[in-house]
Peer 1: 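I have a structure here, written as structure tokens, and I will follow up with some questions on it.
Both ligands and their constituent atoms are indexed starting at 1 by order of listing. From a predicted model like this one, the values you see are computed outputs, not experimental measurements. In this chain, numbering begins with 1 at the start of the sequence shown. Note: hydrogens, waters and symmetry copies are ignored here, and every other heavy atom, side chains too, is used.
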Amino acid sequence: MTRETVRAAVIPAPRQPVEIREYPWPRLEPGSAMLRTKYSEVCGTDVHVHEGRLSGVPYPLIPGHVSIGHLAAIRGTVRDIDGHPFKEGDLVTFLDVHETCGRCYECLVTKQTTRCPHRKVYGITYGADDGPLGGWADYIWMKPGVRLLRIPDGIEARSFIAGGCGLVTSVHAIERGEVRLGASVVVLGAGPVGLAAAALARLSGADPVIVIGDPESRRTHALAMGATHAIGLDVPPTERVVRVRDWTGGHGADVVIEAAGDPRAVTDALDLVRDGGRVVIAGQYTDHGDVALNPHRQINRKHVEIRGCWGSDYSHFHRAVRVLASQGGRLPWTGAISASYSLDRANEALGAVARREVVKAVIEP
Ligand SMILES: [Zn+2]
Ligand SMILES: [Zn+2]
């Protein structure tokens, strides 16, 4: 099938209201396809992009980096990683990262492919002038080389998008944290990443799993997702340390995952981790400034390991889909979606996420 245009919600420039624009249907080269969007996520990153706080974003921009939908127009043959060809009508998601080059220092020597300087990200570093390459649109152009994933039978599109970017990010964060059976884990932040990280920590065999964040409705959701304890932000940081020690035999947590976004959470994380434990910084995706910390007391003497966690690769998407296939029915993922919005209501969706009125908003074109 072919149409004349793609209808998209566009951020024209930082801090400008989202507008609806039409883009020409792209000329499909062999190995490419179009995805008819079912849902695309409104992520905290989209708020940062709208506020102009992420570098390297070419405006105007069609946001939406994690999306799900049905393949609508396949040119030539597009295959999954097992070599099976995709068919039109298949329900799929795709790795938002494209053009990781495989021939640079990061790809070949240090093998930190999420730091490849050539990578492009749908809805973030591909601008609207590059084509319909963002999810807040009725169709998304799957360029050759985009890694598509088939959604297994039995997983609803809504369950996948409820996990969405936060689930994929937290798969990476748990991997970086090397969460072991019987480990004690603290998650700082009760947004989509924190909620998914709590669920995955528990699925990994951690106990206790302590979530620190607001508001109360999110703490309740965290407990339903597998957290064993929750602490509100009204509890002062020194008292949070006391409680976490109480619940961890007096030691502090083996692993602390920072998914809060506030730089102060990093110094809190160092106070909550046990001696010789590990801190994963996953929430500082944009620059929210500096924070004071005591390197002697909080790092050196504690013999602490601190790890950054940047972006996602195919493996994290793949594992996220597998987790949903096995656990999707048992955990209340869709409880995280507070609202879905049409393209015309994208401004409302952005505002609701920015004001934290909703845990998760999705665009349903
Ligand atoms: Zn590279
Ligand atoms: Zn995101």
Peer 1: Would Arg79 pass as a cation-pi partner of Phe86, given that its NZ or CZ must be under 6.0 Å from the six-membered ring centre and within 45 degrees of the axis?
Peer 2: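 Judged by the rule, Arg79 and Phe86 form no cation-pi pair.
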Peer 1: Take atom CZ in Arg147; do more than 12 heavy atoms of anything else shown fall under 6.0 Å from it?
Peer 2: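 No - once you tally the heavy atoms of other residues, nucleotides and ligands closer than 6.0 Å, there are 12 at most.
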Peer 1: Roughly how far apart are Ser312 OG and His65 NE2, rounded to 0.5 Å?
Peer 2: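 The distance works out to 8.5 Å.
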Peer 1: Using a cut-off of 2.8 Å, find all protein N, O or S atoms closer to the Zn ion (ligand 2) than that distance.
Peer 2: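 Listed by chain and number, the nearby protein N, O or S atoms are Cys43 SG, His65 NE2, Cys165 SG.
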Peer 1: Do the side chains of Tyr59 and Pro12 get nearer than 4.5 Å, heavy atoms only?
Peer 2: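 No; the side chains remain at least 4.5 Å from each other.
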Peer 1: Taking only Lys NZ, Arg NE, NH1 and NH2, and the carboxylate oxygens of Asp or Glu, determine whether Asp271 and Arg240 approach each other closer than 4.0 Å.
Peer 2: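 Looking at Asp271 and Arg240, the cut-off is not met.
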Peer 1: Under 30°, 30 to 60°, or over 60°: which ring-plane class applies to Tyr126 and His98, parallel, tilted or perpendicular?
Peer 2: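 Aromatic pair Tyr126/His98 classed tilted.
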Peer 1: Apply ring pair (Phe, Tyr, Trp, His ring centres under 6.0 Å) to the pair Tyr39 and Phe160, showing each step before the final yes or no.
Peer 2: CA-CA 9 Å; Tyr39 296 113; Phe160 173 78; over 10 Å; no
Peer 1: Is the shortest side-chain N to carboxylate O distance from Asp344 to Arg7 below 4.0 Å?
Peer 2: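 The answer is yes: the pair qualifies as a salt bridge.
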Peer 1: Using a strict cut-off of less than 4.0 Å between a Lys/Arg side-chain nitrogen and an Asp/Glu carboxylate oxygen, indicate whether Glu178 and Arg176 qualify as a salt bridge.
Peer 2: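 No salt bridge links Glu178 with Arg176.
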Peer 1: Tell me the protein N, O or S atoms under 2.8 Å from the Zn ion (ligand 1), in chain and number order.
Peer 2: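 The answer, once waters are left aside, is Cys101 SG, Cys104 SG, Cys107 SG, Cys116 SG.
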